[in-house]
Protein chains: 2
Amino acid sequence: MSESRSERIPAAERREQILDAAARVFGERGYAGTTTDQVAQAAGISQPYVVRMFGSKEKLFCELLLRARDSLETRLRAALARPEVKALDNQGLKRFLGRAYVDLVGEGDIVLPLAQGFLLGHDPVIGRYAREGFLDIYRLLRDEAGLSPEEVRDFLAGGMLLNTLLTLQMTGLYESDETARELLACAFGEKLDLVVAPTKAAP
Amino acid sequence: MSESRSERIPAAERREQILDAAARVFGERGYAGTTTDQVAQAAGISQPYVVRMFGSKEKLFCELLLRARDSLETRLRAALARPEVKALDNQGLKRFLGRAYVDLVGEGDIVLPLAQGFLLGHDPVIGRYAREGFLDIYRLLRDEAGLSPEEVRDFLAGGMLLNTLLTLQMTGLYESDETARELLACAFGEKLDLVVAPTKAAP
DNA sequence: GTCTATAAGTGGATAGAC
DNA sequence: GTCTATCCACTTATAGAC
């Protein structure tokens, strides 16, 4: 049923598996709160292999940060390139990009490591990475989307709230707590079911 | 010059000292990223004493969460009780409360543990505390301040952005990075100098 | 490409002296 | 009220076999 030794798989592919697993675990438990062994178990391999593949826990996390930032930037640029956006004013554009962000969030745990990274300002290496990533997104929204600083601020603020609700696992209270339900509905809007009833596509 | 053994001080007072120190350290490094020894050093006492005083690291952190929530609620209620607020519409009220929040943030590191707690949704005990605290604030803003769910959402979103900029230590880039300067100015507004040039009052 | 074994270090908590 | 000493569990990382 379960094999104690993993199938032999090309390194590049295994690397992606580990990154996926790591994004989930780090996204949920944070950098310091996650052990390399938890990542290994989530990826179905041994702990030393995780370390060997990325050199260190820190490097693995930085990799995650880069990946999350790239996904986000790619997604935002794709949204900006759509024809509908021509017809939108900045207010409408902000909403449109906001929906694109929620879509990305709902698709998996790619962005939560970013949210966790934002708490690591004190760390000499990860902190620098995280600040750079944050400012990159800021500039993208300002220069490529053409939003004013205030509009960018409001967009980012909304994103931070969504991140917080997710890492708080407020979504778990949706059924049982009326206040939570109201807040979640208001924050996620029409995209609510992406986070309260995460659809696992059939394989 | 420095005494290796601390002065003998009443427990209640020592308790406050430890809580202050712990708020700083936990606020900066997060729950898992902080050791009880770091707290002890910040408070100028021995590590076992910290544990003994609060029973465990977890209980100490929960205490911090409660304290931060109380401070925040007290501050918001005080703001709501001021005479000027009568003349404000909801938009103005939101801004007024926002300034009250920044004041509290600028006064010390009382609220950052809250921000760190919001990342601990996965933890069975701390997660519950943090969610409850978050919903408490939500209800206060909705029921006592009379804001609509959307207005509360926007207020909270703004707060989450401020928290993020703080824990990211973006303020450290104020001098050197133009983008960071623009973003910080936009996010903190007139209260900017509370966070970029923290004034330590002379004793 | 992947594992087992393990070294080396760290951290929370307890016991007991003063 | 506060410390020193210390235990034990856990964690990252390395070595080396297969």
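Values below: every heavy atom of this structure, side chains too, minus hydrogens, waters and symmetry copies. Chain letters run A, B, ... following the sequence lines, proteins first and then strands; every chain starts at 1.
Rounded to whole angstrom, the span from the OH atom of B:Tyr49 across to the P atom of C:dG12 amounts to 19 Å. When rounded to the nearest whole Å, the span between CG of B:Asp37 and P of D:dA5 equals 14 Å. For the pair B:Arg29 CZ and C:dT10 P, the computed distance is 14 Å after rounding to whole Å. A straight line from CZ of A:Phe61 to C1' of D:dT12 spans 17 Å, rounded to a whole angstrom. Atom CZ of A:Phe54 is separated from atom P of D:dT12 by 15 Å (rounded to the nearest Å). The NZ-C1' distance, from B:Lys59 to C:dA13, rounds to 12 Å in whole Å.
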Sequence-aligned protein contact record of nucleotides 13-18 of chain D, with B where the base is within under 4.0 Å of a protein heavy atom and S where only the sugar-phosphate is: BB-B--
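Looking at heavy atoms from C-beta onward, B:Cys62 lies in side-chain contact with B:Ile126 at the 4.5 angstrom threshold. For the pair B:Leu135 and A:Met170, the minimum side-chain heavy-atom distance is below 4.5 Å. Inter-residue side-chain proximity for A:Leu114 and A:Leu64 is flagged as unmet; no heavy-atom pair is nearer than 4.5 Å.
Of the possible donor and acceptor atoms, none in the side chain of B:Ser71 sits under 3.5 Å from a partner among the backbone N and O of B:Val111.
Listed in residue order, the members of residues 6-21 of chain A having a heavy atom less than 4.0 Å from DNA chain C are A:Ser6, A:Glu7, A:Arg8, A:Ile9, A:Pro10, A:Ala11, A:Arg14.
When all heavy atoms of A:Glu151 and A:Leu147 are compared, the closest pair comes out as OE1-CA, 3.5 Å.
A salt bridge links A:Arg67 and A:Glu16; the closest N-O separation between the charged side-chain nitrogens and carboxylate oxygens is under 4.0 Å.
For the ring pair (Phe, Tyr, Trp, His ring centres under 6.0 Å) test with B:Tyr31, the passing option among B:Phe61, B:Phe118, B:Tyr129 is B:Phe61; the others fail.
No more than 12 heavy atoms of other residues, nucleotides or ligands sit less than 6.0 Å from atom CZ of A:Arg128.
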